[in-house]
Amino acid sequence: MRQSLAHIALVVRDYDEAIDFYVGTLGFTLVADQDQPEQDKRWVLVAPPGNPDGGATILLARASNAEQAKFIGDQAGGRVFLFLQTDDFQRDYQRLLDRGVRIEREPIEADYGTVAVFLDLYGNKWDLIEFRRRE
């Protein structure tokens with residue numbers, strides 16, 4: 001049996017502002033943006049650059065009621081929610097800085113690799129991480 005994650009839903013306030021951040025600021029690829037008028041929503045998928053093997057994409061899911069809106073920016077209860085793996089930490093960390101992305105925790109070296117915590121436009125915590133190669 002083979003299973004994998006296809007999409008991860010991220011609750012957002014507005015489709016276009018979320019696309020602007022993820023595509024324009026983080027450099028993600030806009031995979032899909034399809035109107036679904038019968039449901040009064042859009043199917044918006046973004047993926048990090050070089051998304052390996054068609055890995056999981058992020059579904060930008062606009063909050064459709066007040067209950068959902070309460071979770072914008074706090075989908076993991078204040079913990080790191082998503083982990084963006086990179087093959088070049090310094091390059092991508094500098095890109096975050098250059099583009100004005102809010103850094104929550106400066107880079108640290110750990111047994112498993114180099115990691116920093118940044119915030120998306122709503123305040124969700126992300127790890128930027130380059131895993132150490134195992135010999």
Side-chain angles (χ1 to χ4, degrees):
M1 177 184 340
R2 182 174 184 265
Q3 296 180 339
S4 63
L5 291 175
H7 313 296
I8 298 166
L10 180 65
V11 182
V12 301
R13 182 177 37 242
D14 177 81
Y15 293 116
D16 293 323
E17 75 178 2
I19 290 169
D20 184 56
F21 179 80
Y22 285 99
V23 175
T25 301
L26 294 186
F28 282 31
T29 300
L30 182 62
V31 175
D33 185 357
Q34 300 163 340
D35 195 34
Q36 298 181 322
E38 67 283 354
Q39 297 180 45
D40 188 34
K41 63 182 178 180
R42 289 159 52 187
W43 180 256
V44 180
L45 296 174
V46 295
N51 197 21
D53 304 321
T57 58
I58 296 176
L59 172 67
L60 301 177
R62 186 191 69 209
S64 60
N65 58 47
E67 183 65 25
Q68 291 175 8
K70 289 192 299 189
F71 294 96
I72 295 171
D74 192 22
Q75 292 201 193
R79 295 195 56 143
V80 170
F81 176 54
L82 296 165
F83 299 77
L84 183 60
Q85 182 177 347
T86 178
D87 63 349
D88 186 334
F89 182 88
Q90 291 304 322
R91 174 198 65 211
D92 292 340
Y93 181 72
Q94 188 61 52
R95 185 175 183 178
L96 293 176
L97 294 175
D98 292 346
R99 294 184 175 193
V101 174
R102 294 177 294 167
I103 303 301
E104 175 79 1
R105 190 178 74 215
E106 296 295 322
I108 61 167
E109 293 290 330
D111 292 342
Y112 54 83
T114 306
V115 62
V117 178
F118 70 93
L119 304 177
D120 70 12
L121 76 163
Y122 300 114
N124 290 301
K125 293 180 182 178
W126 287 66
D127 269 1
L128 175 66
I129 186 165
E130 181 178 2
F131 290 106
R132 191 171 321 287
R133 294 187 186 135
R134 297 190 183 238
E135 304 299 324

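For the numbers below, each heavy atom of this structure counts, side chains included, while hydrogens, waters and symmetry mates do not.
Taking the side chain to side chain contact (heavy atoms under 4.5 Å, CB included) definition, one finds that Q3 meets it with M1, sequence neighbours left out. For F89, the ring-ring contact (aromatic ring centres under 6.0 Å, His included) partners two or more places apart in sequence, or in a different chain, are Y93. Checked against ring-ring contact (aromatic ring centres under 6.0 Å, His included), F21 has no partners two or more places apart in sequence or in another chain. For L84, the side chain to side chain contact (heavy atoms under 4.5 Å, CB included) partners at least two apart in sequence or on another chain are F28, P48, F118, W126, L128. A search for side chain to side chain contact (heavy atoms under 4.5 Å, CB included) contacts involving R13 returns E17, I72, Y122, not counting sequence neighbours. Listed by chain and number, the residues in a salt bridge (charged side-chain N to carboxylate O under 4.0 Å, His left out) with D33 are R42 (sequence neighbours excluded). Residues satisfying the salt bridge (charged side-chain N to carboxylate O under 4.0 Å, His left out) criterion with E106, sequence neighbours excluded, are absent altogether. The side chain to side chain contact (heavy atoms under 4.5 Å, CB included) test applied to R91 returns T86, D87, D88, not counting sequence neighbours. For the salt bridge (charged side-chain N to carboxylate O under 4.0 Å, His left out) test, no residue two or more places apart in sequence or in another chain qualifies with R105.
In this structure, W43 CH2 and L60 CG are separated by 10.5 Å, a value rounded to the nearest 0.5 Å. Summarising the geometry, atom CZ belonging to R132 is positioned 6.0 Å from atom OG1 belonging to T114; distances are rounded to the nearest 0.5 Å. The distance from atom CG of L45 to atom CD1 of I19, rounded to the nearest 0.5 Å, is 10.0 Å. Note that CD of Q75 and NZ of K125 are 14.0 Å apart. Values are rounded to the nearest 0.5 Å.
Other residues sharing the hydrophobic cluster of L119, ordered by chain and number and joined by side-chain separations under 4.5 Å: none, the residue standing alone. Chaining together hydrophobic side chains whose heavy atoms lie under 4.5 Å apart places V115 alongside I108, Y112, I129, F131.
Annotation: side chain of V101 is in contact with side chain of L26 (closest heavy-atom distance under 4.5 Å). For the pair D120/L82, no side-chain contact is recorded, criterion being any heavy-atom separation below 4.5 Å from C-beta on. Contact check for L97 versus Q94: side-chain heavy atoms found under the 4.5 Å cut-off. Residues Q36 and E38 are in side-chain contact: their nearest non-hydrogen atoms beyond the backbone lie under 4.5 Å apart.
Pairs passing the side chain to side chain donor-acceptor pair (under 3.5 Å) check and including a residue from residues 58-67, sequence neighbours excluded, read S64-Q68, E67-K70.
Tracing side-chain contacts under 4.5 Å through hydrophobic residues (I, L, V, M, F, W, Y), one never reaches V80 starting from L10; they form parts of separate clusters. Using a 4.5 Å cut-off between side-chain heavy atoms of Ile, Leu, Val, Met, Phe, Trp and Tyr, with links allowed through other members, F83 and I103 fall into different hydrophobic clusters. No chain of hydrophobic side-chain contacts below 4.5 Å, direct or via other Ile, Leu, Val, Met, Phe, Trp or Tyr residues, connects L59 to L121. There is no path of hydrophobic side-chain contacts, each under 4.5 Å, that joins F81 to V117.
In terms of heavy atoms, A63 sits closest to V11 at CB-CG1, 3.7 Å. Across N124 and G73, no two heavy atoms sit closer than the pair OD1-C, 3.2 Å.
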Would V12 and V44 count as a side chain to side chain contact (heavy atoms under 4.5 Å, CB included) here? Give the steps.
CA-CA 11 Å; V12 301; V44 180; over 6 Å; no

